[in-house]
Amino acid sequence: MILSIFDPIVYSIEIILKRITLPKLDAYTLTQTKLQQVDVSNDQLYQRKYNGFYRVRLPSTNAYSTYYELLEKNKNNKNIDLTYILNELLHVTGRVETSFGSKLLATINPHIPPLDSVVLGHLNLRLPTRTGQSKPSRIQDCVKVHDELVEQMHQLIAQSDFQQLKAEFEKKFPCYSFTDVKILDLLLWQHRP
């Protein structure tokens with residue numbers, strides 16, 4: 001399956017690229033460039049753009065504070081991992097915030113993809129169901145899925161078809177400089193068969 005994933009994307013690349021909007025690319029660029037320029041734990045513009053781009057919906061104001069404090073505290077920590085982030089968010093929200101935790105990780109390290117149901121679906125991956133599982137066990141299972149996502153994305157990036165798609169992306173959006181992982185993530189997210 002992984003070897004043929006690009007066939008439908010190559011076929012519909014023009015449609016996919018039309019779905020990628022400049023405001024979304026600008027919002028993502030802001031989340032990356034401003035990360036090092038501002039204190040994200042109290043910069044309201046940063047948080048608004050970030051929440052809008054990633055569609056962050058946390059259960060309480062306190063959870064947002066913890067989220068952005070965690071991002072600020074670890075924005076230069078290239079060794080941070082998803083397990084740590086999910087455990088920190090669990091303490092505040094009482095929930096396993098897999099998607100938002102992975103987006104925090106992907107912001108700190110843009111060479112790592114966030115977990116997204118659309119992208120996971122293209123790669124035949126699924127997060128574990130929520131029922132009948134302890135939260136620590138669910139965190140472990142979610143991290144395993146994320147590890148598989150990272151591995152598959154890096155395998156896909158190494159393929160020549162991706163290089164062709166990347167060239168199309170860069171031709172359409174020459175003013176933006178994204179990692180290969182982010183380009184692939186955007187293309188997969190916008191591919192709706």
Side-chain angles (χ1 to χ4, degrees), residues 1-36 49-50 52-56 75 77-83 85-86 97-129 140-193:
M1 184 278 184
I2 205 166
L3 295 177
S4 64
I5 193 171
F6 288 125
D7 292 342
I9 297 172
V10 169
Y11 178 75
S12 57
I13 188 62
E14 290 180 27
I15 294 167
I16 292 168
L17 292 175
K18 285 180 184 176
R19 291 179 183 154
I20 299 172
T21 66
L22 295 179
K24 285 291 186 183
L25 296 179
D26 289 341
Y28 175 74
T29 299
L30 183 138
T31 68
Q32 290 305 118
T33 57
K34 293 288 186 185
L35 179 65
Q36 297 302 324
K49 289 291 186 180
Y50 186 100
F53 179 76
Y54 281 123
R55 300 177 183 177
V56 176
K75 65 185 178 183
N77 181 1
K78 298 302 180 189
N79 295 317
I80 192 170
D81 63 28
L82 188 56
T83 302
I85 292 168
L86 295 180
E97 296 287 356
T98 308
S99 176
F100 302 136
S102 73
K103 290 167 181 172
L104 189 149
L105 179 61
T107 301
I108 293 169
N109 185 349
H111 297 282
I112 296 176
L115 285 164
D116 175 84
S117 61
V118 173
V119 173
L120 290 174
H122 286 306
L123 302 176
N124 290 327
L125 296 171
R126 288 183 53 172
L127 289 171
T129 59
Q140 287 179 338
D141 289 348
C142 291
V143 168
K144 286 178 189 172
V145 172
H146 188 256
D147 290 345
E148 179 63 26
L149 172 65
V150 170
E151 184 177 323
Q152 284 194 32
M153 293 283 271
H154 286 111
Q155 288 174 6
L156 289 167
I157 286 168
Q159 294 181 20
S160 60
D161 283 339
F162 171 73
Q163 298 308 316
Q164 175 188 345
L165 292 168
K166 177 183 172 183
E168 292 289 327
F169 179 91
E170 290 175 337
K171 180 178 164 188
K172 172 88 175 177
F173 304 109
C175 297
Y176 297 90
S177 179
F178 296 154
T179 65
D180 287 353
V181 166
K182 190 61 195 174
I183 292 171
L184 180 56
D185 179 64
L186 286 167
L187 295 175
L188 289 171
W189 196 80
Q190 290 297 342
H191 176 58
R192 315 290 172 143

Which atom pairs, donor and acceptor, lie under 3.5 Å between side-chain atoms of residues 99-113 and protein residues at least two apart or in another chain?
residue, atom, partner, partner atom, Å
S99, OG, K103, NZ, 3.1
S102, OG, T98, O, 3.4
S102, OG, S99, O, 2.8
S102, OG, L115, N, 2.7
K103, NZ, Y54, O, 3.3
T107, OG1, Y50, OH, 3.4
T107, OG1, K103, O, 2.8
N109, OD1, H111, N, 3.0

- Kindly write out the residues that satisfy salt bridge (Lys or Arg N to Asp or Glu O under 4.0 Å) with D116, not counting sequence neighbours, or none if the list is empty. none
- Task: Output all residues satisfying side-chain contact (heavy atoms from CB on, under 4.5 Å) with Q164, sequence neighbours left out; order by chain, then residue number.
- Result: V10, D161
- Query: Considering residues at least two apart in sequence or located in another chain, which fulfil the side-chain contact (heavy atoms from CB on, under 4.5 Å) criterion with Q36?
  - Reply: K75, N76
- Start with the C-alpha distance between Q159 and Q155, add both sets of side-chain angles, then the distance that settles side-chain hydrogen bond (donor to acceptor under 3.5 Å, both in side chains), and finish with yes or no. CA-CA 7 Å; Q159 294 181 20; Q155 288 174 6; over 6 Å; no
- Hey, could you give me the CG/OG distance between L125 and S117, rounded to the nearest 0.5 Å? 12.0 Å
- salt bridge (Lys or Arg N to Asp or Glu O under 4.0 Å) partners of K172, counting only residues at least two apart: none
- Please round to the nearest 0.5 Å and tell me the distance separating atom CD1 of I157 and atom CD of Q163. 8.5 Å
- Among all residues two or more places apart in sequence or in another chain, which pass the side chain to side chain donor-acceptor pair (under 3.5 Å) test with Q140? none
- Note on the structure: By ring pair (Phe, Tyr, Trp, His ring centres under 6.0 Å), Y28 pairs with (sequence neighbours left out) F53, F178
- Note on the structure: The reported gap from CG in L149 to NE2 in H154 (rounded to nearest 0.5 angstrom) is 9.5 Å
- Item | Partners meeting side-chain contact (heavy atoms from CB on, under 4.5 Å) with D81 (sequence neighbours left out) | T83, Y84
- side-chain contact (heavy atoms from CB on, under 4.5 Å) assessment of I20 paired with W189: CA-CA 10 Å; I20 299 172; W189 196 80; over 6 Å; no
- Note on the structure: Between the NZ atom in K49 and the OG1 atom in T29, the distance rounded to the nearest 0.5 Å is 11.0 Å
- Taking side chain to side chain donor-acceptor pair (under 3.5 Å) as the test, write out the residues that go with D147, two or more places apart. none
- Results of side-chain contact (heavy atoms from CB on, under 4.5 Å) for T21 - residues two or more places apart only: P23, K24
- Message: Would the distance check show the side chain of H146 and the main-chain N or O of D141 forming a donor-acceptor pair, the cut-off being under 3.5 Å?
- Response: no
- Task: Can you establish whether the number of heavy atoms outside K78 located under 6.0 Å from its atom NZ is more than 12?
- Result: yes
- Across all chains, not counting sequence neighbours, the salt bridge (Lys or Arg N to Asp or Glu O under 4.0 Å) partners of K182 are D185
- Within the distance-only criterion (no hydrogens, no angle test), does the side chain of H122 pair as donor or acceptor with the backbone N or O of L188 below 3.5 angstrom? yes
- Are R192 and V118 close enough, and set up right, to give a side-chain contact (heavy atoms from CB on, under 4.5 Å), and what steps lead you there? CA-CA 9 Å; R192 315 290 172 143; V118 173; 3.5 Å; yes
- Task: Measure the spacing between CG of L187 and CD1 of I13 and express it to the nearest 0.5 Å.
- Result: 5.0 Å
- Task: Rounded to the nearest 0.5 Å, what's the gap from CG on L86 to CD on E97? Could you check?
- Result: 9.0 Å
